[in-house]
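In what follows, every chain begins at residue 1, and chains take the letters A, B, ... in the order their sequences are listed.
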Amino acid sequence: MPKYDPKVIEEKWQRITEERKPYEPDIDTSKDKVLITVPVIYPTGTLHLGHLYTWTRADMYARFMRMRGFNVLFPQAFHMTGGPMVGLSLRLKNGEEKAVRMMKDQKVSDEDIKKFSEDPVALGLYFSDSYKNEFTKAGISIDWRRLFILSYTPQYSKFLEWQFNTLKKKGLIVQGTHPVIWCPKEETPLGDHDRLSGEGESPEAFSIIKFTVDGYVLPAGTLRPETIFGVSNLWLNSEVKYKKLTMEDGEEWITSEQFSKKIGYMLKNVVKEESFDVHRLIGKNAKNPVDNQAVPIFDAEFVDGDVMTGVVMSVPMHAPFDYYYLHKSNLLEKLPKKPVRVIEVENEDGIVEASIKKFGDGKEGLDEATKYVYKKELSSGLMNSNAGKFANVSVDMARTDVSTMLEGMKVLETMYEPSGEVTCRCGAKGVVKLLENQWFIHYSDRELKDKMISLVEKMNVFPEEVRTQFATAISNLEDKAAARHGGLGTPLPWDKEWLIEPLSDSTIYMAYYTIASIANKMDANELNDDLFDYVFLGEKRADASYPEEAEDMRKEFQYWYPVDMRVTARELLTNHMVFFIANHVAIFTPDNWPKSISINGWLTVNKQKMSKSKGNTYGISDFVERYGADPVRLIGTASDGLDDAEWSTNNTNSVYQKIETLMDLTEILSDFRSESGIVDDYAKSKLNGIIKTATEAYSNMRFRTAVQSSLFESMQLLKEYLDFGGKNGDTLREMILTIIRLNHPVFPFVTEEINSILDGKDMLETYRSWPDFDESSARDVIESEFSVVKNTIDDIRNLIKMLKIKPKEIRVGIAKKDSFELYNKIVSEVKTTRDVNEIRKRVRSNSKIVDKLLKNKSRLPENKLDSDTEMNAFEQAKEYIARIFECEVRIESSEDEKAIPGKPALKIA
RNA sequence: GCAGGGGUAGCGAAGCGGUCAAACGCGUAAGGCUAAGGACCUUAUGGCUCAGGCCUUCGAGGGUUCAAAUCCCUCCUCCUGCACCA
């Protein structure tokens with residue numbers, strides 16, 4: 001008995017692969033091509049099982065397509081752009097314990113760690129090599145000749161310059177101002193990962209409305225400019241420090257000290273800054289810019305200098321805080337006139353008062369009440385006549401319209417604040433900064449979006465539900481800042497101060513795969529826009545000179561492009577994938593737009609979610625070492641859809657067993673010499689169904705379904721064949737060979753081994769080895785009758801259990817021929833009606849069989865049966881039944897009324 | 001807040017109008033096989049049933065239908081993404 005030893009087999013086939021290079025395809029016009037890609041990956045640490053999940057899915061598809069006779073290219077590139085590499089290097093330099101330990105866990109030497117701490121690129125190159133090795137060991141069939149590294153390979157940088165110049169020519173690069181969360185100490189944008197706290201917080205716009213008093217401007221901060229018509233007074237807090245800021249245009253603003261520090265980031269120039277005692281203003285009347293009405297200035301302890309400007313406009317009829325404090329402090333009577341309502345909400349008169357009652361008048365209660373009122377009034381409020389010409393306008397609309405009007409009057413400006421508190425890793429509190437002259441890719445372009453949608457509508461998307469997610473992501477798409485300072489990257493060709501940022505330099509790089517093996521060998525200076533215009537767009541300029549490689553590159557691109565299948569995890573869907581689509585439709589002709597995208601979920605191993613930060617990642621190499629690459633690759637079949645895929649190491653066990661069974665059978669194949677019989681027809685018919693299911697499943701990236709039929713169901717069938725006395729060598733060989741091949745995409749090494757033993761040939765996917773299915777060999781009646789046999793065995797088992805006897809003889813009585821005729825007549829009738837009385841009328845028979853068959857409406861017979869086949873099937877299974885129950889079994893024709901087609905009469909004695 | 005997707009047996013997960021007490025896998029139990037075993041095989045795994053049967057189940061409630069886990073409505077509940085950051 002051969003023992004399955006993954007190590008021996010895998011080393012052998014890796015050696016052969018190394019020699020014959022089946023994964024390094026060249027142009028072959030006799031074959032259709034398939035280009036499969038997975039996104040670039042940051043080489044910052046060893047690969048874990050989560051990676052294997054995605055890459056195995058791509059690889060299974062690659063192998064499947066090779067076996068079907070396609071010329072398959074599966075390249076891979078790496079990514080060094082942006083912060084991760086530099087960040088990690090910096091952390092090592094600072095001797096950050098966690099980072100150093102992570103390196104040591106990955107068996108990086110002290111010497112190398114030191115090197116990495118000085119040179120982020122060295123770190124990237126080190127892990128690039130290790131990734132290549134790990135992927136190869138795991139049997140991922142990548143063409144490494146085409147490897148390149150973003151922000152490192154100089155030839156690729158030239159390609160990237162071409163991409164950006166092309167976008168610019170098409171008017172898809174725009175310059176503008178953009179708010180970001182900013183660390184004032186480190187002078188850098190604060191991404192989610194740079195934050196100590198405040199992940200997910202983003203810049204939030206608010207309005208300042210300029211009230212005036214004594215020639216000073218009081219810039220009141222508000223989220224609800226439409227309530228300007230209901231302002232009764234202003235609040236300042238005499239316990240907060242205020243400043244007088246002299247602006248460029250001469251205006252003198254009174255704001256909290258805190259705001260004075262932030263205003264510089266809002267592109268406002270403050271010429272002079274002085275302390276200011278607000279007691280000078282409290283009690284005076286300011287002027288409301290919208291109607292010139294006098295609004296008194298009151299002192300209020302609840303005004304927070306950290307929030308907006310430290311100047312608050314009071315709208316008592318629509319803001320619980322204002323309402324509550326005015327009443328509490330008896331300031332109400334000092335108002336020149338009664339506060340007015342400007343918003344009406346149906347069935348919610350006195351909404352403010354009611355909400356305070358409901359949520360309470362403590363700080364928290366008032367906060368809740370505020371939220372409630374804001375939300376209610378925004379969703380269903382209408383402005384009333386106090387809002388002048390905005391009467392009967394919805395609050396939602398009025399907010400924009402009033403803003404526009406006030407902006408026109410130069411009394412409103414828009415500013416930003418973080419939506420919540422953000423702290424930088426360095427400890428500084430994050431602010432919002434308006435970044436000037438930032439370069440954007442103009443993703444919000446109407447025409448571009450229309451093209452994207454048209455692509456998403458027609459491309460293959462697996463699973464299907466992702467399509468709507470793409471559509472919504474596209475419609476929400478805004479312009480994207482495409483360049484930044486710091487980190488690694490390629491300079492923008494026309495503004496070298498800026499580096500192209502990582503989500504923008506990795507959108508159409510798959511086109512570079514097609515030419516990588518040529519371009520990587522060239523002098524980067526030979527690669528210019530003219531050349532790329534020709535290679536990728538077919539536009540040749542009369543006055544330009546082209547290097548001799550130009551024709552070959554053009555041919556490579558024309559042959560291999562577009563991307564036929566792009567595989568990735570869910571996290572990249574709304575960003576990378578969307579930008580991938582956008583840039584393709586922007587730059588390439590429609591025939592070079594991507595054909596299919598397949599998205600998978602996360603992987604959980606032994607119930608734990610993989611996460612680098614939690615330190616519970618399982619390295620690929622460890623697992624491959626321990627279980628062998630083939631069994632571990634089962635991971636790729638963990639789920640069909642977008643759900644998190646649950647994977648347990650236990651799963652490898654059943655793989656071992658099944659492989660050993662196949663190896664055993666292969667070895668003793670020559671012992672099977674009997675003629676073929678009905679069970680052979682049965683096996684072939686079922687096998688055919690399995691091929692069909694598996695082929696469709698693989699085609700649609702449904703690998704869980706694929707493996708269920710090609711591994712589990714097929715092994716079950718093999719067992720059934722042997723159980724039912726199948727002994728024909730040819731059938732068995734065909735079954736094993738088919739099973740082996742259906743499973744090759746999942747378990748490439750061991751299936752190759754068994755195939756070579758059986759067939760004398762190596763698959764290596766270089767010839768068309770995928771089994772075909774043949775509709776004509778489907779034998780429905782035989783399959784049905786074998787189901788009858790299986791059901792009958794269950795029945796016998798049941799009966800024996802109930803009778804509590806040890807049977808000496810079992811007699812299986814097959815119904816007589818005319819019963820079968822009646823049965824099949826009913827089956828045909830059922831296809832047209834489910835009305836039992838109608839069926840009864842049509843078959844016109846008094847037989848008790850009709851009563852029995854029609855007894856249960858929801859279980860009417862639906863598959864045709866045949867008396868001879870039923871008899872033969874039972875004859876075939878007779879020995880098996882006898883073996884199970886250890887007694888005599890007789891198959892006979894029966895007159896007994898209990899003998900129904902599909903349900904033989906049983907006599908157990 | 002906005003958008004998308006779920007809730008099925010101990011667990012993971014199929015099914016998406018009728019062969020559904022519900023595939024498949026894992027786990028568990030009993031028996032078997034081995035010198036031994038991480039292994040493997042058989043059977044069982046909602047409840048009740050001593051002749052192949054019946055009853056109750058697919059988040060909760062209501063409805064449509066001869067027939068609903070599957071279609072419709074309401075409610076409860078869980079998850080994921082939201083951009084300058086890979």
Any donor-acceptor N or O pair under 3.5 Å, side chains [X], [Y]:
{"X": "A/T693", "Y": "A/S709", "value": "no"}
{"X": "A/D505", "Y": "A/T490", "value": "no"}
{"X": "A/E501", "Y": "A/S504", "value": "yes"}
{"X": "A/H576", "Y": "A/S506", "value": "yes"}

Given atom [atom1] of [X] and atom [atom2] of [N], what is their separation to the nearest angstrom?
{"X": "A/N791", "N": "B/C20", "atom1": "CG", "atom2": "P", "result": "10 Å"}
{"X": "A/F712", "N": "B/A23", "atom1": "CZ", "atom2": "P", "result": "15 Å"}
{"X": "A/I839", "N": "B/C66", "atom1": "CD1", "atom2": "P", "result": "16 Å"}
{"X": "A/N600", "N": "B/G5", "atom1": "CG", "atom2": "P", "result": "18 Å"}
{"X": "A/N476", "N": "B/G81", "atom1": "CG", "atom2": "P", "result": "16 Å"}
{"X": "A/K658", "N": "B/C24", "atom1": "NZ", "atom2": "C1'", "result": "10 Å"}
{"X": "A/L634", "N": "B/G12", "atom1": "CG", "atom2": "C1'", "result": "14 Å"}
{"X": "A/I884", "N": "B/C41", "atom1": "CD1", "atom2": "P", "result": "16 Å"}

Complementary nucleotide of [N], counting Watson-Crick and G-U pairs under 3.5 Å:
{"N": "B/C54", "answer": "B/G47"}
{"N": "B/G17", "answer": "none"}
{"N": "B/G12", "answer": "B/C24"}
{"N": "B/A60", "answer": "B/U74"}
{"N": "B/A68", "answer": "none"}
{"N": "B/U42", "answer": "B/A30"}

*List the steps and the verdict of ring pair (Phe, Tyr, Trp, His ring centres under 6.0 Å) for A/F786 and A/F724.*
CA-CA 10 Å; A/F786 271 90; A/F724 288 138; 5.3 Å; yes
Taking the side chain of [X] as heavy atoms from C-beta outward, which of [options] is closest to it?
{"X": "A/R484", "options": "B/C24, B/C85, B/A83", "result": "B/C85"}
{"X": "A/T472", "options": "B/G81, B/A3, B/C24", "result": "B/A3"}
{"X": "A/Q469", "options": "B/G25, B/A83, B/G4", "result": "B/G4"}
{"X": "A/H178", "options": "B/G12, B/C84, B/G25", "result": "B/C84"}
{"X": "A/L503", "options": "B/C84, B/G81, B/C85", "result": "B/C85"}
{"X": "A/R797", "options": "B/A44, B/C24, B/G15", "result": "B/A44"}
{"X": "A/A481", "options": "B/G81, B/U42, B/C84", "result": "B/C84"}
{"X": "A/E478", "options": "B/G81, B/A83, B/C85", "result": "B/A83"}
{"X": "A/T468", "options": "B/G81, B/G4, B/C24", "result": "B/G4"}

_Whether A/W182 and A/Y265 hold their rings parallel, tilted or perpendicular, with breakpoints at 30° and 60°_ =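 Tilted, since the angle between the ring planes falls between 30° and 60°.
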*Under 30°, 30 to 60°, or over 60°: which ring-plane class applies to A/H51 and A/Y131, parallel, tilted or perpendicular?*
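Tilted.
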*Tell me which of A/H576 and A/Q708 sits closer to the 5' end of RNA chain B, going by the nucleotide each one is nearest to.*
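Taking each residue's closest nucleotide, the earlier one in sequence belongs to A/Q708.
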*Find which nucleotide of RNA chain B each of A/L477 and A/L572 is nearest to by heavy atoms, and output the residue with the more 5' nucleotide.*
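The answer here is A/L477.
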_Across nucleotides 45-57 of chain B, 5' to 3', mark each nucleotide with B, S or - according to how protein heavy atoms within less than 4.0 Å reach it._
-----BBB-----
In whole Å, measure the gap between the [atom1] atoms of [N] and [M] for me.
{"N": "B/A22", "M": "B/G46", "atom1": "C1'", "result": "12 Å"}
{"N": "B/C41", "M": "B/C33", "atom1": "C1'", "result": "7 Å"}
{"N": "B/U77", "M": "B/C72", "atom1": "P", "result": "22 Å"}
{"N": "B/C54", "M": "B/C20", "atom1": "P", "result": "15 Å"}
{"N": "B/U56", "M": "B/C2", "atom1": "C1'", "result": "42 Å"}
{"N": "B/C78", "M": "B/U34", "atom1": "C1'", "result": "48 Å"}
{"N": "B/C55", "M": "B/U49", "atom1": "C1'", "result": "10 Å"}
{"N": "B/G61", "M": "B/C50", "atom1": "P", "result": "32 Å"}

*Think A/R626 forms a cation-pi with A/F623, using NZ or CZ under 6.0 Å from the six-ring centre and within 45 degrees of its axis?*
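Positive - A/R626 is close enough to the ring of A/F623 and near enough to its axis.
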*asked:* Check for me whether A/R224 meets the cation-pi criterion with A/Y374, that is, NZ or CZ under 6.0 Å from the six-membered ring centre and within 45 degrees of the ring axis.
replied: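 Yes; both conditions hold, so A/R224 lies above the ring face of A/Y374.
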*A/L742 backbone acceptor or donor facing A/Y698 side chain under 3.5 Å*: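 The answer is yes, because a donor-acceptor pair under 3.5 Å joins these two groups.
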*Have a look at A/D723 and say if it touches a base, only the backbone sugar-phosphate, or nothing, with a 4.0 Å heavy-atom cut-off.*
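Answer is nothing: A/D723 stays at 4.0 Å or more from every strand.
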*Would you mind classifying the nucleic acid contact of A/D794 as base, sugar-phosphate or nothing, using non-hydrogen atoms under 4.0 angstrom?*
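It contacts nothing in the nucleic acid.
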